[in-house]
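I have placed the structure first, in the form of structure tokens, so that the comments after it can refer back to it.
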Protein chains: 2
Amino acid sequence: MPKEARPSTGEQARQHALAQLRQAILRGEMAPAQRLVENELAEQFGVTRASVRAALIELESEGLVERIRNRGSRVRVVTVEEAVAITECRMVLEGLCAGKAAREASDEQLDQLLALGEAMSKAVADGEPVTYSDLNHELHARIREFSGQQVAVELLERLNAQLVRHRFQLALRPGRPQKSLSEHLAMIEAIRARDPRAAEEAVRSHLAGVIDALRE
Amino acid sequence: MPKEARPSTGEQARQHALAQLRQAILRGEMAPAQRLVENELAEQFGVTRASVRAALIELESEGLVERIRNRGSRVRVVTVEEAVAITECRMVLEGLCAGKAAREASDEQLDQLLALGEAMSKAVADGEPVTYSDLNHELHARIREFSGQQVAVELLERLNAQLVRHRFQLALRPGRPQKSLSEHLAMIEAIRARDPRAAEEAVRSHLAGVIDALRE
DNA sequence: CCGGACAGAATTGTCAACAATTTTGTTCAA
DNA sequence: TTGAACAAAATTGTTGACAATTCTGTCCGG
């Protein structure tokens, strides 16, 4: 059992509890469908139940936690169908972002994408799937960021948070990095060419591929 | 000042407060940027502050309310730029839904769309912009529903809720219904033709038109 | 006349106790 | 043995009071 967290003076209790719990779920420290008892969490994080409650309500509307009236909270499990539906939404939203990024990114930012692409190629060549997965994640984050589309960014971050468990499963599949790499390079190429239409199309076909892989 | 709501026995207090508050905001009974004091709301709705607090936290993550630490809550005001960004997201998400609806809707559902289109034409011919606006809203809702894409539906409902104030402004603009009507009819046509690509394109160009109108 | 320090008011954040609900385990009769 | 009724335990929902923070208006020195 993890040691009780420090009182964390400046930080308000609710935000503390919220951050701790979200991290714990995202890091996969909570088993899927595990029950989240307010009392236990309160003791574990060193805050009162009211703060835990507030945090749980917030996590519920982020889609990370499931709450049933008078029955308590659990870590939400995302079925494969849901993961597919989520990825379909990612597909169009990231497509939007890629198109805007192709129009509005600075030359400096385009160089960052190029560097990321090279790092990803190297990771695949060296057979390091974990490094590749991290870079993958970062590439998508950068494209979102460069689009300047704040609303889409927030929606996508929420959606991505719900997929943590499926991401692992996908990254370690043999042969997957190779296929994924060329799609990613095409995305980078289209954005660097400042071709919004091609950029959107590249992102969409990449995520269509992810959907196929999710379905096995 | 509105009379205190009934205790609403079965319903739990938090859900009661949440529903009341959300309705009040969506109906425009709360002035934009109006301060929401927890005590006042608690008394007004006949629940305790804790329930109001919980409701406010939830409404914050729905984007209807803005909360600042130790400073309280206000009704969130959506700037024109934000409304544009939101509508861009609607554009791609509703495009996704239209494509899926074109594939998966039943013949019966397609007939509903046709009937809606006729009603909309009539409303424009009769010069009834309010009726037209309602039908407009219903058409979009039906398309979402027929797609069977639950994740997209939830995202879109959240986004739409944030636009209430801008919707009014747009619907009453002279000449707007005429332009909007033909775009809507094209959407219906494409879905009824079971042409996903055309359906997506029709929805996107319609909402691109809405974006132009928003920018004036 | 102006600006900063300070006290008071208003408001949000936190807490511990209590009430209501659901689940679980036990008993007893058929 | 099975099933329903019931009691006990666990857990969530609610309440009112208290603490911490921020805002507001006043006072005093310059």
Side-chain angles (χ1 to χ4, degrees), chain A residues 1 4-22 24-25 30-77, chain B residues 1 4-22 24-25 30-77:
Chain A
M1 199 166 298
E4 177 178 313
R6 65 211 169 289
S8 186
T9 31
E11 202 174 5
Q12 306 242 19
R14 184 186 130 243
Q15 296 212 338
H16 183 63
L18 178 65
Q20 293 275 324
L21 229 178
R22 185 189 284 127
I25 294 177
M30 306 289 194
Q34 175 174 343
R35 274 200 75 188
L36 300 172
V37 178
E38 297 181 357
N39 257 326
E40 291 176 11
L41 296 175
E43 189 173 357
Q44 189 173 334
F45 297 141
V47 298
T48 54
R49 247 188 69 206
S51 305
V52 171
R53 257 177 98 68
L56 285 173
I57 290 173
E58 190 153 351
L59 288 175
E60 179 188 27
S61 56
E62 284 181 32
L64 292 178
V65 159
E66 202 172 23
R67 279 162 51 85
I68 314 176
R69 264 188 31 166
N70 295 318
R71 292 239 219 130
S73 315
R74 9 166 137 289
V75 179
R76 196 167 88 91
V77 287
Chain B
M1 202 167 294
E4 177 178 312
R6 65 211 172 288
S8 187
T9 33
E11 201 175 6
Q12 308 246 30
R14 182 186 130 244
Q15 296 212 339
H16 182 63
L18 178 66
Q20 291 277 325
L21 229 178
R22 184 190 284 127
I25 294 177
M30 305 290 194
Q34 176 174 342
R35 275 199 74 187
L36 300 172
V37 178
E38 297 181 357
N39 257 326
E40 291 176 12
L41 296 175
E43 190 173 355
Q44 188 173 337
F45 296 141
V47 300
T48 54
R49 245 189 69 208
S51 305
V52 172
R53 257 178 98 68
L56 286 172
I57 290 173
E58 191 153 351
L59 288 175
E60 178 187 27
S61 58
E62 284 181 32
L64 292 178
V65 159
E66 202 172 22
R67 280 163 50 86
I68 314 177
R69 262 187 34 166
N70 294 317
R71 293 242 216 126
S73 315
R74 351 163 135 329
V75 179
R76 194 167 89 91
V77 287

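Quick caveat, the model's predicted, so the values are computed rather than measured. Naming convention: chains lettered A, B, ... in sequence-line order (proteins, then strands); numbering from 1 in each chain. For the numbers below, each heavy atom of this structure counts, side chains included, while hydrogens, waters and symmetry mates do not.
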Can you sort out which residues in residues 30-37 of chain A have a heavy atom within less than 4.0 Å of DNA chain C? Ascending by number, please. none
Mind calculating the distance between [atom1] ([X]) and [atom2] ([N]) to the nearest angstrom?
{"X": "A:R69", "N": "C:dT23", "atom1": "CZ", "atom2": "C1'", "value": "16 Å"}
{"X": "A:N70", "N": "D:dT12", "atom1": "CG", "atom2": "C1'", "value": "6 Å"}
{"X": "B:E60", "N": "C:dT12", "atom1": "CD", "atom2": "P", "value": "13 Å"}
{"X": "B:R74", "N": "C:dT12", "atom1": "CZ", "atom2": "P", "value": "11 Å"}
{"X": "A:E40", "N": "D:dT12", "atom1": "CD", "atom2": "P", "value": "9 Å"}
{"X": "B:N39", "N": "C:dT12", "atom1": "CG", "atom2": "P", "value": "7 Å"}
{"X": "A:I68", "N": "C:dT23", "atom1": "CD1", "atom2": "P", "value": "9 Å"}
{"X": "A:L56", "N": "D:dT12", "atom1": "CG", "atom2": "P", "value": "9 Å"}

Using the rule side chain to side chain contact (heavy atoms under 4.5 Å, CB included), only one of A:E40, A:R74, A:R71 pairs with A:R35; which is it? A:R74
Quick check: does any side chain N or O of B:R76 sit under 3.5 Å from a backbone N or O of B:G63, one acting as donor and the other as acceptor? yes
Does [X] reach the side chain of [Y], with side-chain heavy atoms less than 4.5 Å apart?
{"X": "A:L21", "Y": "A:L56", "value": "yes"}
{"X": "A:E62", "Y": "A:R22", "value": "yes"}
{"X": "B:Q15", "Y": "A:R69", "value": "yes"}
{"X": "A:R14", "Y": "A:V47", "value": "no"}
{"X": "A:L59", "Y": "A:R67", "value": "no"}

Using only side-chain N and O atoms of B:R53, determine if any of them is under 4.0 Å from OP1 or OP2 of C:dG13. yes
Are B:R49 and C:dT12 close enough that a side-chain N or O sits under 4.0 Å from OP1 or OP2? no
Closest of D:dG13, C:dT22, C:dT14 to the A:E38 side chain is D:dG13
